[in-house]
Amino acid sequence: MLHHIEINVANLKKSAEFWGWLLTELNYEVFQEWASGISWKQGNSYLVFVQTDDRFIDSGYHRGRIGLNHLAFHGESREHVNKLFTKLKEKKIPLLYEESFPFAGGPNHYAVFFEDPDRMKVEIVAPNE
C-alpha cells in the first residue's frame, strides 16, 4: 500500500481544480492545504500536488521521459467509468485513445484514459465483471 505520492505541477490553481473534481468523483477528500500545495486522501494513502519552482517550469513534463508515466485509479464499475468518460468530454478534458474506448487497454481491460493540465496520463479502470 502506498503512503503518498507527491507531484509537482506547473499551475497549482489549474491542477487543484482538475484533480479536486476527479478525486472527489473517486471518493477522495481534501487532506491538507497550504500556499503552494494541496492533497487529497482516501484511506491511508494520499496524493499531494505542489507548485513547481519557477526555475524548473520550462523543462515541463513528458510521460515518455524517465519518471512517472501515468496514474491509474480503480473505478467503481463500468457504469462509473462511462459516467466519467461523459463528464471528461463535457469538461473538454483531453481524452486519450478515445477511438478505442473503453477497451484501449485490451479486450479485458475496461478503462478511460485522459490527460491532466500538465499532460500527465490518467486512467480509471473498472473492476472485471
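These values consider heavy atoms only, across backbone and side chains, with no hydrogens, waters or symmetry-generated copies.
- Linking Ile, Leu, Val, Met, Phe, Trp and Tyr whenever their side-chain heavy atoms come within less than 4.5 Å leaves I57 and F49 in two separate clusters.
- Here the straight-line distance linking atom CG of L2 with atom CG of N44 works out to 11.5 Å at 0.5 Å rounding.
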Per-pair distances, 0.1 Å, donor-acceptor, side chain in residues 88-98, under 3.5 Å, sequence neighbours excluded:
| unit_1 | atom_1 | unit_2 | atom_2 | d |
| --- | --- | --- | --- | --- |
| K89 | NZ | E98 | OE2 | 2.4 |
| Y97 | OH | K121 | NZ | 3.1 |

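- Chaining together hydrophobic side chains whose heavy atoms lie under 4.5 Å apart places V48 alongside F31, W34, Y46, V50.
- Under the 4.5 Å side-chain criterion, counting only non-hydrogen atoms from C-beta, L47 is in contact with F73.
- Under the 4.5 Å side-chain contact rule for hydrophobic residues, L68 and F113 do not share a cluster.
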*Go through the steps for E76 and N27 under the test side chain to side chain contact (heavy atoms under 4.5 Å, CB included), then give the verdict.*
CA-CA 10 Å; E76 295 171 7; N27 299 315; 3.0 Å; yes
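- Rounding to the nearest 0.5 Å gives a distance of 10.5 Å between OG of S45 and NE2 of H4.
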*Report the C-alpha separation of F114 and F85 in whole Å, then their side-chain angles, then the decisive distance to 0.1 Å, and conclude whether the side chain to side chain contact (heavy atoms under 4.5 Å, CB included) test is met.*
CA-CA 9 Å; F114 50 98; F85 175 82; over 6 Å; no
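- The environment of NE2 in H70 is crowded: more than 12 heavy-atom neighbours from other residues, nucleotides or ligands sit within 6.0 Å.
- When the side chains of ILVMFWY residues are joined at heavy-atom separations under 4.5 Å, either directly or via intervening members, I7 and L26 end up in a single hydrophobic cluster.
- Within a 6.0 Å sphere centred on CD of E17, heavy atoms belonging to other residues, nucleotides or ligands number 12 at most.
- Atom NZ of K83 has 12 or fewer neighbouring heavy atoms from other residues, nucleotides or ligands inside a 6.0 Å radius.
- Nearest approach of P117 to K14, heavy atoms of both residues: CG-O, 3.9 Å.
- Of the possible polar contacts, one joining the R63 side chain to the R119 backbone as a donor-acceptor pair under 3.5 Å is found.
- Heavy atoms only, all atoms of each residue included: Y110 and P102 are closest at CE1-CG, 3.2 Å.
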*Could you please spell out the steps behind the side chain to side chain contact (heavy atoms under 4.5 Å, CB included) verdict for N8 and F56?*
CA-CA 10 Å; N8 293 332; F56 298 117; over 6 Å; no
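- Of all non-hydrogen atoms in S15 and D118, the two that sit nearest each other are OG-OD2, 3.8 Å.
- Note: L22 CG to Y28 OH = 9.0 Å, rounded to the nearest 0.5 Å.
- S36 and Q51 form no side-chain donor-acceptor contact under 3.5 Å, judged by distance and modelled atom types alone.
- Counting non-hydrogen atoms of neighbouring residues, nucleotides and ligands closer than 6.0 angstrom, the CG atom of D58 reaches no more than 12 such neighbours.
- Annotation for E29: atom CD does not count as buried by contact number, only 12 or fewer foreign heavy atoms lying within 6.0 Å.
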*Kindly indicate, with the supporting measurements, whether the criterion side chain to side chain contact (heavy atoms under 4.5 Å, CB included) is fulfilled by E123 and H109.*
CA-CA 11 Å; E123 175 183 4; H109 190 79; 2.5 Å; yes
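- Considering OG1 of T24 and CH2 of W19, their distance stands at 12.0 Å, rounded to 0.5 Å.
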